[in-house]
Amino acid sequence: MSPRADTLPAATAVRRFGRAQRGVHRATAVLMGVCVFTAACLYVPQLAQLVGRRALVVTLHQWSGLALPVPVLLGLASRAFRSDLGRLNRFGPHDRTWLRAALRRDKRPSSRPAGKFNAGQKVYAAWIAGATLVMLGTGLMMWFTHLTPLVWRTSATFVHDWLALTVGIVLAGHIGMALADPEARRGMRTGSVDRDWAEREHPLWRP
């Protein structure tokens, strides 16, 4: 039997993510995908006509949005996941160097020092976490209309709708960058990456 394409030789493989990190990422991706798709069905007339069953779409949107924080909360039981959250939450001088190089469109690996996560990944993680909490809060105001005054619900609807559009754009960029980096996708899919890739893209990371 030939080895799978995802399998790396033991001598060149570096363990990047465990089952907990990959599970949280996959579950969050599924829930976020349902949220974005159902939101599109609610706001784009062509999709609404194609899918129909608006009441079901609304229910799916509400419950998938409410469940979005659950994978992360469950992942906190894993020490490895908590360790990665700590790494994502820490910015160092090398991260500022990475961001300056990104703004200059300098793609040389030597100009973009990074640990296990680069500065772009840290900014994305912080932004999407904050956006998710805001979307959850405004969504609850829109769902349980009796809990807040009308002016609050109107403001919540405005913030929710425009932030949803921004989230869709940012997610498209995130997916596009993942598609451009097969090794990063392999790391999230299998847990292991090629050592040369790790040393080139994340030179400050010491697995």
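The first residue in the sequence is number 1, and the count goes up from there. Not measured: the values here are computed from a predicted model.
Within a 6.0 Å radius of CZ in Arg200, other residues, nucleotides and ligands contribute more than 12 heavy atoms. Around CZ of Arg26, the count of heavy atoms belonging to other residues, nucleotides or ligands within 6.0 Å exceeds 12. No more than 12 heavy atoms of other residues, nucleotides or ligands sit less than 6.0 Å from atom CZ of Phe37. The number of heavy-atom neighbours closer than 6.0 Å to CZ of Phe91, taken from other residues, nucleotides and ligands shown, is above 12.
Met142 and Trp152 are assigned to two separate hydrophobic clusters, defined by single-linkage of ILVMFWY side chains at heavy-atom distances under 4.5 Å. Hydrophobic clustering (ILVMFWY, side-chain heavy atoms < 4.5 Å, transitive): Tyr124 and Leu31 are in one cluster. Connection of Leu68 to Val159 is established within a shared hydrophobic cluster, with ILVMFWY side chains joined at heavy-atom distances below 4.5 Å, either directly or through further cluster members.
Atoms NE2 and CG, on His61 and Leu56 in that order, are 13.0 Å from each other to the nearest 0.5 Å. Atom-to-atom distance recorded for Arg189:CZ and His25:NE2 is 12.0 Å, nearest 0.5 angstrom. Note that the CD atom of Gln62 and the OG1 atom of Thr38 stand 9.5 Å from one another [nearest 0.5 Å]. The CZ atom of Arg16 sits 5.5 Å away from the CZ atom of Phe117 when rounded to the nearest 0.5 Å. Here the CD-CG distance, from Glu183 to Asp194, works out to 5.0 Å after rounding to the nearest 0.5 Å. To the nearest 0.5 angstrom, Gln121 atom CD is 8.5 Å from His174 atom NE2.
What you find for Ala164 and Met135 is that their closest heavy atoms are CB-CE, 3.5 Å. Taking both residues in full, the closest heavy atoms of Met32 and Thr132 are given as CE-OG1, 3.9 Å, listed atom of the first, atom of the second, then distance. Closest approach of Ala119 and Trp98 over heavy atoms only: CB-CE3, 3.7 Å. When all heavy atoms of Asp95 and Lys122 are compared, the closest pair comes out as OD2-NZ, 2.9 Å.
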Quick one: do Arg82 and Ser78 satisfy side chain to side chain donor-acceptor pair (under 3.5 Å)? Show the steps, please. CA-CA 6 Å; Arg82 295 196 304 270; Ser78 164; over 6 Å; no

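A salt bridge is defined here as a Lys NZ or Arg NE, NH1 or NH2 lying under 4.0 Å from an Asp or Glu carboxylate O, and Arg112 with Asp106 fails to meet this definition.
The other members of the hydrophobic cluster of Trp63, by chain and number, are Leu66, Leu136, Leu140, Trp143, Phe144, Leu147 (side-chain heavy atoms under 4.5 Å, ILVMFWY only).
Contact of the Asp196 side chain with the Thr12 side chain is not registered, since no non-hydrogen atoms from C-beta on lie closer than 4.5 Å. With a 4.5 Å cut-off on side-chain heavy atoms, Thr166 and Trp127 count as touching.
Between the side chain of Arg87 and the backbone N or O of Gly115, no donor-acceptor pair lies under 3.5 Å.
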